[in-house]
*Asks:* 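Sharing a structure, written as structure tokens. Questions coming.
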Amino acid sequence: MKTKYLAIWSMALAVSLVACEEDDLDDLFDDSSTELAAAYIGAESEFLDAYNRLDMAIRDSALVATGSSTIDGAAVTYDQALGSITMDFGNTNVLTSDGKARRGKLMINGFSPAFLVTPNAAVSISSDEYHVDDDEIDISFDLTNRGMSGTSQYYEVDTFQVDLDNGDYLLRGRKDLFWVQGYNTFLDMDDDIYRIEGRSFASEPDDTVSIDATFSSASPMTVDRSCDYVVTQGVIDLIISDDDESPQTGSVDFIPEDGCNNLMRLTVNGITTTVTMPDF
């Protein structure tokens, strides 16, 4: 999961690797739980990817000054009169720096440069025919600049929703982003470090399985943009529920002692293993 942009099937891969390492972990998840866990990780991945791309646009001084820019193959435009930013990958697939193909649009509405320095200023995020490797992904959330929280710049992500495969998988929730460093160096994103707290709920509308995921406040997920694998530490606590069975509890731990590396520790019902995630 600690890949540059978390892969949509990484949890399924993790479960398969776990099963190979420990015979006791065979059939740890049934098929529907495994599929939903993979979709959950994929949806969290696409939120983080979209947010990071749009944050680059929001803090792109050339975009604000000229009204246009290019970010990782996307044509980005800023319409001052409408208060909108559009990141357009076009109608045919564009190969982006993470090796994935993208098309369609990510959009910001209600934006002005004052958003960056005005507490309680808010923008809305949405997508239009946005695809990653030909999978359609609908993303929407509100982003509010909450000003300073102690020594950290604080953004609130609310009414957050990621829809995969035309409603087959749905992720909802809210998140809080706190900058550790780099927020005010608008021309250099590589020095950005921020932590994420919050909660997500993943479900399949036509199934009984759901996932309740809490980002631990005691060990918050930390995003370091100078790291190839982006997420350097943090714990996500999971409750996987099925109407037909007792809930399973677990966690994904990004292992702070491994630094900028591609390891994560997966625990389910008290059984733990460490897996190496691929770099997509």
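These values consider heavy atoms only, across backbone and side chains, with no hydrogens, waters or symmetry-generated copies.
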*Asks:* Passes salt bridge (charged side-chain N to carboxylate O under 4.0 Å, His left out), Arg265 versus Glu257? Steps please.
*Replies:* CA-CA 12 Å; Arg265 186 175 293 129; Glu257 59 267 27; 3.3 Å; yes
*Asks:* Pick one: which of Glu156, Arg146, Arg199 meets side-chain contact (heavy atoms from CB on, under 4.5 Å) with Asp176?
*Replies:*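 Looking at Glu156, Arg146, Arg199, the match for Asp176 under the side-chain contact (heavy atoms from CB on, under 4.5 Å) is Glu156.
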*Asks:* Can you tell me how far the CG atom of Asn93 sits from the CG atom of Leu95, to the nearest 0.5 Å?
*Replies:*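 Rounded to the nearest 0.5 Å, the CG-CG separation comes to 9.0 Å.
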*Asks:* Assess whether salt bridge (charged side-chain N to carboxylate O under 4.0 Å, His left out) is satisfied between Asp133 and Arg103, documenting all intermediate values.
*Replies:* CA-CA 9 Å; Asp133 287 340; Arg103 68 178 186 272; over 6 Å; no
*Asks:* To the closest 0.5 Å, what do you measure between CG (Asn184) and CZ (Arg59)?
*Replies:*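 Going from CG on Asn184 over to CZ on Arg59, the span is 8.5 Å.
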*Asks:* So for atom CG, which belongs to Asn91, do other residues, nucleotides or ligands contribute more than 12 heavy atoms lying within a distance under 6.0 Å?
*Replies:*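 Open: at most 12 neighbouring heavy atoms sit under 6.0 Å from CG of Asn91.
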*Asks:* What verdict does the side-chain contact (heavy atoms from CB on, under 4.5 Å) test give for Asp142 and Ile125, after you've listed the backbone C-alpha separation in whole Å, the side-chain angles of each residue and the deciding distance to 0.1 Å?
*Replies:* CA-CA 6 Å; Asp142 295 331; Ile125 310 296; over 6 Å; no
*Asks:* Identify the residue among Phe115, Tyr194, Phe160, Phe178 that makes a ring pair (Phe, Tyr, Trp, His ring centres under 6.0 Å) with Tyr155.
*Replies:*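 So the option named by the test is Phe115.
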*Asks:* Are any of the side-chain heavy atoms of Ile85 and Leu63 separated by less than 4.5 Å?
*Replies:*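 A side-chain contact exists here, since the closest heavy-atom pair is under 4.5 Å.
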*Asks:* Would a distance-only check, ignoring hydrogens and angles, find a side-chain to backbone donor-acceptor pair under 3.5 Å from Tyr169 to Ala43?
*Replies:*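 No: the side chain of Tyr169 does not pair with the backbone of Ala43.
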*Asks:* Between Phe47 and Lys175, is there a cation-pi geometry (under 6.0 Å to ring centre, at most 45° from the normal)?
*Replies:*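 Yes, Lys175 and Phe47 form such a contact.
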*Asks:* Assigning hydrophobic clusters by single linkage (Ile, Leu, Val, Met, Phe, Trp, Tyr; side-chain heavy-atom cutoff under 4.5 Å), is Val157 placed with Leu48?
*Replies:*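 As far as the 4.5 Å side-chain criterion goes, Leu48 and Val157 are connected within one cluster.
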*Asks:* Any side-chain donor-acceptor pair under 3.5 Å between Arg102 and Thr96?
*Replies:*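 Arg102 vs Thr96: donor-acceptor pair found between side chains.
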*Asks:* So with a 6.0 Å cut-off around CD of Gln181, is the heavy-atom count from everything else above 12?
*Replies:*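 Atom CD in Gln181 is crowded, with more than 12 foreign heavy atoms closer than 6.0 Å.
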*Asks:* Rounded to the nearest 0.5 Å, what separation is found between the OG atom of Ser127 and the CE atom of Met107?
*Replies:*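 The OG atom of Ser127 sits 6.5 Å away from the CE atom of Met107.
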